[in-house]
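What follows is a set of notes on a single structure, which appears directly below.
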Amino acid sequence: MENFLFFVALLSASVQAFIGLAYCVSCVWEKESRAAFFSTLQFILMLGLVLALIYLERIGFFSTEAGRLLLILGLISGVVLCVLLMRKTGQNARALEGTRGAIVGDVKRVDERDVVFARNRTIRPGSEQYRAYYAMRPEYEKMDAARRKKGGPLGQPGAIDKPKDRPNIAATLSSQGIALNLSASETYQPAAHPEFKEQRVEISPQEASRRIKGYTLNLGAKQVGITKINPLWLYSKRGEIFRENWEDWGKEIEATHTYAVVFTTEMAFELVGTAPHTPTVIASMSNYAQGAFIATQLAAYVANLGYSATANHLRHYDAALVPLAVDAGLGETGRLGYLMTKDFGPRVRLAAVTTDLELVVDSPVDIGVEDFCKRCKKCANCCPSNSIPLADPTEVNGTLRWKLNAETCFDYWGKVGTDCNVCMRVCPWSHANTFPHKIIRTLISRNRLSRRLFYFMDDIFYGRKPTSKPAPQWARFS
Ligand code: SF4
Ligand code: SF4
């Protein structure tokens with residue numbers, strides 16, 4: 001009997017030591033020196049336990065009454081701890097309803113012209129649109145004029161790393177150009193290839209969904225989900241103009257499509273780790289380029305099947321994509337206002353295709369984000385412009401959520417000349433998607449006690465205010 005108990009105890013301790021070692025290796029690979037130090041200590045302790053068990057067995061301690069009792073108590077507490085940390089605890093009913101669960105009042109569709117990027121990037125001083133817009137929204141005029149004075153809508157690109165930043169900004173602009181090149185209306189809203197004209201493919205929603213999801217993942221997306229479009233998340237009026245198509249500015253956006261295929265791409269962990277320095281914008285922009293690349297091809301694929309489709313990417317949005325992604329089951333909205341996914345946290349970018357092709361929809365998910373964010377607050381504590389709320393969710397435009405202050409966030413972007421991404425870098429869900437982090441993500445997405453434990457551990461291993469990491473060699477300043 002004691003042989004069996006000893007074998008089980010040794011096996012469990014060895015599995016823990018192996019996970020500890022994997023975590024140690026992961027921390028070194030992630031260049032997380034503080035976490036590497038603590039994980040090495042943790043591994044030494046686990047290894048010590050394995051060696052102690054072997055030693056005690058050799059000297060015959062487990063054949064004694066006290067030894068047997070110790071083995072039994074150790075195993076019982078191990079099993080109890082596993083059950084406590086692994087069992088699925090109460091679900092968040094609101095999250096399972098997707099964005100509907102957050103609606104508490106009257107929601108008004110957002111006018112894209114009011115979005116801080118659209119105002120500052122699109123409207124030119126002295127133009128007819130300038131006069132019309134600021135007559136309608138005088139409260140923004142002074143603020144936006146001050147931004148323009150500071151060197152344009154986004155300030156001086158790479159200002160935080162000047163004068164060494166040129167190569168990284170050059171890389172950023174190269175990716176940015178891809179999305180712009182794909183923003184002609186005939187490209188984001190393609191017609192069927194001449195070969196397929198007038199030949200609508202009759203396809204079941206199940207088969208269409210399977211093919212579309214497979215095609216999207218094959219093009220490089222990390223996750224893909226489908227939802228019926230809640231018209232509340234469509235912009236009411238067009239506000240972003242990139243190709244001098246001024247007749248579109250202020251035009252009503254109509255709900256022409258029923259479904260949205262929403263997908264994520266993963267931002268490179270090592271580039272986001274440098275936030276708010278220039279390498280992080282390379283990650284953002286190359287992901288926008290990838291999103292545009294995938295969405296454009298997916299829209300063309302749907303058009304070639306004989307259905308209408310519109311690619312939504314950095315240079316053409318009909319809708320706000322975070323709520324569509326939540327409804328499509330890709331994750332939940334976090335304190336920082338971004339989509340939080342199970343595998344990459346907020347370290348993703350979104351793009352989508354809307355269509356009238358009938359598809360099978362996915363269900364929203366509860367991965368424990370709301371519960372985790374309520375305690376964590378790391379993004380809010382680290383945000384250099386205090387743009388992320390520390391308080392609980394409040395009612396914003398008829399929905400209960402955390403509301404990022406886009407105006408102050410945007411001003412900080414202008415100051416550093418990058419898209420900052422500090423909140424994304426410090427988020428405990430953003431760690432690299434390695435084996436030990438996958439285990440932790442699985443635990444925190446299903447169990448409340450695990451959320452408490454790993455929120456606390458994240459502070460110990462990574463610090464309450466983690467600092468940025470060095471860029472990968474190729475993106476480093478010489
Ligand atoms: S991007 Fe930077 S400034 Fe904006 S909310 Fe995140 S941490 Fe704050
Ligand atoms: S840093 Fe913490 S509070 Fe902020 S989004 Fe991530 S988990 Fe939520």
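Just so you know, residue 1 is the first one in the sequence shown, and it goes up from there. Remember, it's 1-based here, ligands and their atoms both numbered in the order they're listed.
- Closest to atom 6 (Fe) of ligand 1, if we only count protein heavy atoms, is Cys423 SG, 2.4 Å.
- Between Glu407 and Arg119 there is a salt bridge, since a side-chain N of the basic residue sits under 4.0 Å from a carboxylate O of the acidic one.
- Contact atoms of ligand 2 toward Arg335: 3 (S), 5 (S) (distance under 4.0 Å to a heavy atom of the residue).
- Within the coordination shell of atom 2 (Fe) of ligand 1, defined by N, O or S atoms under 2.8 Å, Cys420 is present.
- Heavy-atom proximity to Trp429, at under 4.0 Å, picks out these atoms of ligand 2: 7 (S).
- Residue Cys376 has at least one heavy-atom neighbour below 4.0 Å for each of these atoms of ligand 2: 1 (S), 2 (Fe), 3 (S), 7 (S).
- Atom 7 (S) of ligand 2 has its closest protein heavy atom at Phe372 CD2, 3.4 Å.
- For atom 4 (Fe) of ligand 1, the nearest protein heavy atom (residue, atom name, distance) is Cys409 SG, 2.4 Å.
- Contact atoms of ligand 1 toward Asn421: 1 (S) (distance under 4.0 Å to a heavy atom of the residue).
- For Phe117 and Tyr317, the gap between ring centers reaches or exceeds 6.0 Å.
- A salt bridge links Arg147 with Asp411: the closest approach of a Lys/Arg side-chain nitrogen to an acidic carboxylate oxygen falls below 4.0 angstrom.
- Of the heavy atoms in Leu404, only side-chain atoms (C-beta onward) come closer than 4.0 Å to ligand 1.
- In terms of modelled atom types and a separation under 3.5 Å, the side chain of Thr296 and the main chain of Phe293 share no donor-acceptor contact.
- Side chain of Thr418 to backbone of Pro276: a donor-acceptor contact under 3.5 angstrom is found.
- With no hydrogens or angles considered, a side-chain donor-acceptor pair links Arg243 and Ser183 at under 3.5 Å.
- The atoms of ligand 1 that sit less than 4.0 Å from any heavy atom of Pro384 are 7 (S).
- In this structure, Asp371 does not pair ionically with Lys374, as no charged nitrogen and carboxylate oxygen lie closer than 4.0 Å.
- Residue Cys373 approaches ligand 2 through these ligand atoms, each under 4.0 Å from one of its heavy atoms: 3 (S), 5 (S), 7 (S), 8 (Fe).
- Using a distance-only test at 3.5 Å, with no hydrogens or angles considered, a donor-acceptor pair links the side chain of Thr89 to the main chain of Arg446.
- Residue contacts with ligand 1 do not include Phe410, since none of its heavy atoms lies under 4.0 Å from the ligand.
- Protein heavy atom in closest approach to atom 3 (S) of ligand 2: Lys377 N, 3.3 Å.
- Using a cutoff of 4.0 Å between basic side-chain nitrogens and carboxylate oxygens, Arg238 and Asp318 are scored as salt-bridged.
- Test Phe344, Tyr455, Phe372, Phe454 against Trp429 for ring-ring contact (aromatic ring centres under 6.0 Å, His included) and you get one pass: Phe372.
- Taking the charged nitrogens against the carboxylate oxygens, Asp144 and Arg137 have no contact shorter than 4.0 Å, which rules out a salt bridge.
- Shortest contact from atom 1 (S) of ligand 2 to any protein heavy atom: Cys379 N, 3.3 Å.
- Atoms of ligand 1 found under 4.0 Å from any heavy atom of Cys383, numbered from 1 in the order shown, are 3 (S), 5 (S), 7 (S), 8 (Fe).
- Taking only non-hydrogen atoms, the option from Leu390, Leu336, Thr333 nearest to atom 5 (S) of ligand 2 is Leu336.
- Counting heavy atoms closer than 4.0 Å to ligand 1, residue Thr408 contributes nothing at all.
- Asp114 and Lys108 are not joined by a salt bridge, as no carboxylate oxygen comes within less than 4.0 angstrom of a charged side-chain nitrogen.
- Set against the non-hydrogen atoms of Ser385, the atoms of ligand 1 under 4.0 Å away are 3 (S), 8 (Fe).
- In summary, the atoms of ligand 1 found under 4.0 Å from a heavy atom of Ile388, numbered by their order in the structure, are 5 (S).
- For ligand 1 and Trp413, the ligand atoms under 4.0 Å from any heavy atom of the residue are 1 (S), 4 (Fe).
- Using a 4.0 Å cut-off to heavy atoms of Cys427, the atoms of ligand 2 that qualify are 1 (S), 6 (Fe), 7 (S).
- Here Arg100 does not pair with Asp327 in a salt bridge; the nearest charged N to carboxylate O distance is not below 4.0 Å.
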